[in-house]
Amino acid sequence: INQGMWLSAVLKTVAEVDARRKIKDDADKTYNRVIKYLKEMIDEYTNRMNKAQNEDERDKLRGSLSTAAHYYGITFYHYAMLFDKTEDKFKPLMEDAIRSLRFFVSMYSDLPISYQAADDCGLCYYELGKFADAKDFFHIASYGWKKTIDEEEDSVERDKYLRSVKDIIL
């Protein structure tokens with residue numbers, strides 16, 4: 001993904017038409033390889049998870065699967081950003097990103113990374129000019145992050161309280 005993003009950034013600094021075409025072709029090939037690889041990883045992790053015999057193994061595989069699935073969705077976003085909004089590839093790639101990220105958010109809503117995926121989905125809608133949908137996903141993301149922060153603060157406060165009363169308890 002990083003190589004594709006780097007090529008996209010380089011593309012913005014190059015004015016010469018043939019050089020731009022070459023860079024865009026290289027980035028196109030890179031993103032296609034990444035998408036293919038991530039899809040294979042997702043399929044493999046899914047198969048392994050379905051065959052896993054114990055909960056610990058399934059949990060570990062679920063973590064790997066969720067990471068691959070999130071990268072899969074954001075790769076489409078970055079791939080789409082390689083193109084101008086008027087180019088034919090932009091909209092279908094952004095729609096692929098939305099589809100993948102929405103699926104991710106629904107499948108992994110119990111994981112904090114789903115809030116990042118919701119934010120990424122909001123960015124996709126924003127790039128497509130669908131501002132109401134973008135706002136909805138930004139709201140989901142901000143609510144999720146706030147909930148996580150509140151839970152962490154509650155945990156910190158609880159731990160601080162327990163330390164303060166430790167002598168009394170013991």
Side-chain angles (χ1 to χ4, degrees), residues 1-13 23-24 26-50 58-157:
I1 295 173
N2 289 338
Q3 182 181 358
M5 291 169 56
W6 179 80
L7 288 167
S8 296
V10 169
L11 183 66
K12 293 177 181 170
T13 66
I23 293 167
K24 197 176 254 189
D26 288 346
D28 194 45
K29 289 174 188 170
T30 298
Y31 282 121
N32 279 312
R33 276 194 314 269
V34 170
I35 288 167
K36 181 179 183 263
Y37 175 72
L38 288 170
K39 179 67 173 126
E40 289 170 359
M41 282 179 61
I42 291 167
D43 292 344
E44 178 64 26
Y45 285 136
T46 301
N47 288 336
R48 284 187 192 177
M49 202 166 90
N50 291 336
R58 275 193 292 282
D59 286 346
K60 184 178 176 186
L61 288 166
R62 186 173 189 262
S64 298
L65 179 59
S66 67
T67 300
H70 182 240
Y71 279 122
Y72 186 71
I74 61 172
T75 298
F76 281 110
Y77 168 79
H78 290 294
Y79 188 11
M81 295 304 292
L82 176 66
F83 301 96
D84 293 328
K85 292 180 183 181
T86 58
E87 291 182 75
D88 290 343
K89 280 191 166 187
F90 177 81
K91 186 176 179 183
L93 287 169
M94 203 57 79
E95 288 170 345
D96 285 342
I98 289 169
R99 198 171 13 266
S100 298
L101 291 166
R102 285 180 73 125
F103 178 76
F104 181 89
V105 170
S106 69
M107 285 296 295
Y108 299 101
S109 61
D110 60 319
L111 300 177
I113 192 71
S114 71
Y115 313 141
Q116 180 61 50
D119 191 60
D120 295 334
C121 197
L123 288 173
C124 294
Y125 279 119
Y126 181 85
E127 291 296 335
L128 288 173
K130 297 180 177 182
F131 302 117
D133 292 327
K135 181 181 173 188
D136 290 343
F137 275 90
F138 291 146
H139 177 74
I140 291 167
S142 64
Y143 175 79
W145 285 120
K146 182 182 180 328
K147 182 177 151 205
T148 299
I149 291 167
D150 289 348
E151 287 172 3
E152 287 175 6
E153 287 174 355
D154 289 346
S155 174
V156 168
E157 288 299 316

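- Atoms CE and CG, on M94 and D96 in that order, are 10.5 Å from each other to the nearest 0.5 Å.
- Atoms NZ and CE, on K12 and M81 in that order, are 6.0 Å from each other to the nearest 0.5 Å.
- Between S64 and Y45, the shortest heavy-atom contact is CB-CZ, 3.6 Å.
- Between L93 and A80 the shortest heavy-atom distance is CB-CB, 3.6 Å.
- A salt bridge links K36 with E40: the closest approach of a Lys/Arg side-chain nitrogen to an acidic carboxylate oxygen falls below 4.0 angstrom.
- Between D59 and R62 there is no salt bridge, since no side-chain nitrogen of the basic residue lies less than 4.0 Å from a carboxylate oxygen of the acidic one.
- Here L7 contributes atom CG and L82 contributes atom CG; the two are 8.5 Å apart, rounded to the nearest 0.5 Å.
- Below 30°, between 30° and 60°, or above 60°: for Y31 and Y79 the angle between ring planes is below 30°, a parallel geometry.
- With S114 contributing its side chain and L111 its backbone, the two residues share a donor-acceptor pair below 3.5 Å.
- Taking all atoms of both residues into account, the shortest heavy-atom contact from I42 to A69 is CD1-CA, 3.8 Å.
- By the 6.0 Å contact criterion, CZ on F90 is enclosed, its count of non-hydrogen atoms from other residues, nucleotides or ligands being greater than 12.
- Residues C121 and R102 share a closest heavy-atom pair of SG-CG, 3.6 Å.
- A pairwise comparison of heavy atoms in I98 and C124 identifies CG1-CB, 3.4 Å as the closest pair.
- The OG atom of S100 sits 11.0 Å away from atom CD1 of I74, with the distance rounded to the nearest 0.5 Å.
- Between F104 and S66, the closest heavy-atom pair is CE1-O, 2.9 Å.
- The number of heavy-atom neighbours closer than 6.0 Å to CG of N50, taken from other residues, nucleotides and ligands shown, is above 12.
- Relative orientation of the F76 and Y72 rings is perpendicular, given thresholds of 30° and 60° on the angle between their planes.
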Kindly indicate, with the supporting measurements, whether the criterion ring-ring contact (aromatic ring centres under 6.0 Å, His included) is fulfilled by Y126 and F131.
-> CA-CA 5 Å; Y126 181 85; F131 302 117; 5.3 Å; yes
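- Counting non-hydrogen atoms of other residues, nucleotides and ligands closer than 6.0 Å to NZ of K85 gives a total above 12.
- Atoms CD1 and NE2, from I113 and H70 in turn, are 4.5 Å apart once rounded to the nearest 0.5 Å.
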Passes side chain to side chain contact (heavy atoms under 4.5 Å, CB included), D120 versus Y77? Steps please.
-> CA-CA 8 Å; D120 295 334; Y77 168 79; over 6 Å; no
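- To the nearest 0.5 Å, atom CG of residue D136 and atom NE2 of residue H139 are 8.5 Å apart.
- No more than 12 heavy atoms of other residues, nucleotides or ligands lie within 6.0 Å of OH in Y71, so this atom counts as exposed by the packing criterion.
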Step by step, work out the side chain to side chain contact (heavy atoms under 4.5 Å, CB included) result for F138 and D119.
-> CA-CA 5 Å; F138 291 146; D119 191 60; 3.3 Å; yes
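- Side chain of D28 to backbone of K24: no donor-acceptor contact under 3.5 angstrom is found.
- With M49 as reference, R58 is the one residue of K60, R58, E44 to meet the side chain to side chain contact (heavy atoms under 4.5 Å, CB included) rule.
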